[in-house]
Amino acid sequence: MIKAITGTRDILPSDIPKWKYLENVVSNVFANFNYKEIRTPVFEETALFARGIGEATDIVSKEMYTFLDRSETSVTLKPEMTAGVVRAFIEHSLDKKLSINKLYYISPMFRQERPQAGRFRQFHQFGAEALGSNDPMLDAEMIIMAYDIFKQLGLKNLIVKINSLGVPESRENYKLILKKYLQNHFDQLTQESKKRFETNILRIFDSKEEQDQKIMENAPLLIEHLDNDSLEHFDKVKQALLASCIPFEVDPKLVRGLDYYSHTTFEVVSGSVGAQSSLCGGGRYNLLVKELGGGDVPGVGFAAGMERILLACENEKTLNLGEEKIDLYIVSLDKNLTYFAFQTAINMRRSGLSVETDYLARSVKAQMREANKLNAKYVLFIGGDEFLKGQVVLKNMTGSEQNNFAKDDLNKITDKIRGS
RNA sequence: GUGACCAUAGCUCAGCUUGGUUAGAGCAUCUGGUUGUGGCCCAGAAGGUCAUGGGUUCAAGUCCCAUUGGUCACCCCA
């Protein structure tokens with residue numbers, strides 16, 4: 001038997017309602033904030049991600065689905081959306097059409113990691129990007145949108161973490177200071193962190209190893225070495241969050257894995273999922289557009305993992321989706337009337353009702369059980385004495401009362417069903 | 001990429017420790033419980049090469065090994 005590839009999974013009809021529900025909440029919130037949907041290809045030239053996300057990042061160096069197509073072009077299934085959106089933004093000169101572009105997306109992503117709770121190789125993210133302004137209000141807007149979506153889904157157990165990475169100059173200065181500090185404690189670092197010392201020194205803050213954490217407790221913090229502009233920017237973000245009733249904590253150790261961030265970074269974590277508890281992450285990236293060949297356009301954005309969000313919703317039991325119903329089930333009382341039943345079903349469907357009928361020539365009892373299972377609001381009986389008199393019988397499945405109608409007067413039947 | 005745990009019906013699981021006739025249950029499915037009416041209830045049916053391959057043994061779902069797949073955690077991220 002051929003099975004779905006490791007880390008991928010089917011979203012079955014029984015799963016669809018919660019996905020649709022989530023997608024609706026997401027697109028409604030984004031619409032309220034005037035973000036416009038954008039859809040970009042699922043695969044791009046590999047170079048886009050290498051340049052945009054950063055060669056040294058884990059995503060690019062070991063997680064991408066990269067292959068040569070038949071024309072020997074290296075292509076990659078998108079591991080995240082920002083690079084693609086920025087590419088489209090540049091390619092179509094969107095900055096010439098609008099001074100600020102506020103964009104959102106809902107899309108599958110691909111990363112070749114070992115699956116675990118809340119992590120898949122094909123997973124889904126929604127997210128937003130605002131391109132064209134360095135206003136800290138937009139940084140705050142991202143966090144507010146994400147938080148509002150989570151709240152509308154009924155999630156509690158949330159922590160909003162924010163930090164500022166400042167601008168590259170102050171960050172580079174700080175890295176030297178941190179390097180100096182760590183050189184004095186180098187021997188006590190774990191093997192992993194010794195590697196990070198070379199590749200991405202800030203990430204040592206992320207280490208879960210106790211011996212690393214002990215050293216990092218007393219390490220100088222980036223936030224204490226920010227330039228004045230960056231501090232002011234960060235203050236405005238915090239004020240905006242306070243004014244919008246977003247509870248947050250400043251986490252000076254929050255360092256994001258992607259190269260393109262500057263200024264604000266943030267993350268929302270949930271205590272209701274497994275170890276992969278980050279529901280969304282994002283930040284400002286004022287240098288990315290230029291890096292990818294566009295103009296000097298600042299940007300800010302975030303992405304949220306939909307599987308993790310749904311997992312949190314399930315664990316907190318926040319979604320109570322109503323049962324799926326159909327308007328009408330058509331029962332044939334006589335086997336030779338199934339064709340008439342089918343034609344009636346087609347006509348009723350065309351008039352806008354959700355209608356099902358029997359295709360297995362089953363007994364009336366079996367048809368009724370089916371109607372019940374499908375939560376049919378009404379059942380229409382076709383056949384028997386009434387049919388000989390030119391009538392059909394409509395039964396209300398909640399109250400059980402029945403009414404006769406002329407078999408050709410479908411409008412009356414439709415009105416009756418609609419009226420309830 | 002590393003580690004731990006797991007694999008019996010469509011689903012959730014019992015049986016494995018102490019190998020021994022036809023491998024069970026609940027839910028789901030299907031059929032029936034009088035002529036043409038659901039839910040509840042009752043009766044019955046169908047559904048398993050016990051993940052795959054090898055080994056030990058008179059005998060393996062049960063013990064051992066390998067493979068594959070899954071789960072969770074690390075790394076990292078959404």
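We use all heavy atoms of the structure for the numbers below, so side chains are in, but hydrogens, waters and symmetry mates are not. This is a predicted model, so every value here is computed, not measured. In what follows, chains carry the letters A, B, and so on, assigned in the order in which the sequence lines appear, proteins first and then strands, with residues in each chain numbered from 1.
- For the segment residues 306-319 of chain A, the set of residues with a heavy atom within less than 4.0 Å of an atom of RNA chain B comprises Arg308(A), in numerical order.
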In 5'-to-3' order, the base (B), backbone-only (S) or no-contact (-) status of each nucleotide in nucleotides 66-73 of chain B, using a 4.0 angstrom heavy-atom cut-off, is ---SS-BB

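- Rounded to whole Å, the distance from CG on Asp58(A) to C1' on U2(B) is 14 Å.
- The base of U37(B) does not come close enough to the side chain of Gln367(A) for any donor and acceptor atom to sit less than 3.5 Å apart.
- Applying the side chain to side chain donor-acceptor pair (under 3.5 Å) test to pairs two or more places apart or on separate chains, none has a residue in residues 172-188 of chain A.
- Contacts with RNA chain B (heavy atom under 4.0 Å) in residues 79-90 of chain A: none are found.
- Each of Met368(A) and Ala304(A) was assigned the nucleotide of RNA chain B with the nearest heavy atom; the assignment lying further toward the 5' end belongs to Met368(A).
- Salt-bridge formation is not detected for the pair Glu23(A)/Lys18(A): no Lys NZ or Arg NE/NH1/NH2 atom is positioned less than 4.0 Å from an Asp or Glu carboxylate oxygen.
- Atom CG in Asp358(A) sits roughly 14 Å away from atom C1' in U37(B) (whole-Å rounding).
- Residue contacts shown for Arg196(A) are limited to sugar-phosphate atoms, with no base heavy atom under 4.0 Å away.
- Here the separation of G47(B) from G55(B), taken at their P atoms, is 31 Å to the nearest Å.
- For RNA chain B, no neighbouring residue in residues 26-38 of chain A is found when judged by any heavy atom under 4.0 Å.
- Look at NZ on Lys395(A): it is 10 Å from P on G39(B), rounded to the nearest Å.
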Write down the protein N/O and nucleotide N/O pairs, taken from nucleotides 30-32 of chain B, whose separation is under 3.5 Å; answer none if there are no such pairs.
residue	atom	partner	partner atom	Å
C30(B)	OP1	Arg362(A)	NH1	3.2
G32(B)	OP2	Ser363(A)	OG	3.2
G32(B)	O6	Arg369(A)	NH2	3.1

Dot-bracket assigned to RNA chain B with the 3.5 Å Watson-Crick/G-U criterion, [ ] for crossing and | for other-strand pairs, is (((((((..((((......[...)))).(((((.......))))).....(((((..]....))))))))))))....

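- Comparing U37(B), C76(B), A78(B) against the side chain of Phe381(A) picks out U37(B) as the nearest.
- Regarding Arg111(A), its CZ atom lies at a distance of 14 Å from the C1' atom of C75(B), rounded to whole Å.
- Across the protein-nucleic acid pair, Ile204(A) atom CD1 and C75(B) atom P stand 14 Å apart, rounded to whole Å.
- In this pair, Phe30(A) and Phe302(A) present their aromatic rings tilted. The plane angle is within the 30 to 60° band.
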A correct 5'-to-3' footprint of nucleotides 44-49 of chain B, with B, S and - meaning base, sugar-phosphate only and no protein heavy atom under 4.0 Å, is ------

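- By the side chain to side chain donor-acceptor pair (under 3.5 Å) test, Gln122(A) pairs with no residue at all, sequence neighbours left out.
- Annotation: side chain to side chain donor-acceptor pair (under 3.5 Å) contacts involving residues 212-225 of chain A, sequence neighbours excluded, comprise Thr190(A)-Asp212(A), Ser193(A)-Asp212(A), Ser207(A)-Asp212(A).
- Picking from A78(B), G39(B), U37(B) the nucleotide with the shortest atom distance to the side chain of Ala303(A) gives A78(B).
- Whole-Å rounding puts the Leu254(A) CG to A78(B) P distance at 11 Å.
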Quick one: side chains of residues 404-413 of chain A, donor-acceptor pairs under 3.5 Å with protein atoms, not counting sequence neighbours, listed by atom name and distance.
residue	atom	partner	partner atom	Å
Asn404(A)	ND2	Gln391(A)	OE1	3.3
Asp409(A)	OD2	Lys412(A)	NZ	3.4

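- Gly384(A) comes within contact range of at least one nucleobase, with a heavy-atom separation under 4.0 Å.
- The residues Arg362(A) and Glu370(A) are annotated as salt-bridged, a charged nitrogen and a carboxylate oxygen being separated by less than 4.0 angstrom.
- If you take CD of Glu113(A) and P of C75(B), they are 12 Å apart, rounded to a whole angstrom.
- Annotation: proximity of residues 328-341 of chain A to RNA chain B (heavy atom, distance under 4.0 Å) is found for Leu333(A), numbered in ascending order.
- Comparing Glu267(A) and Gln402(A) along RNA chain B, the residue whose closest nucleotide (by nearest heavy atom) sits nearer the 5' end is Gln402(A).
- Nucleotides U22(B) and U18(B) place their P atoms 24 Å apart, quoted to the nearest Å.
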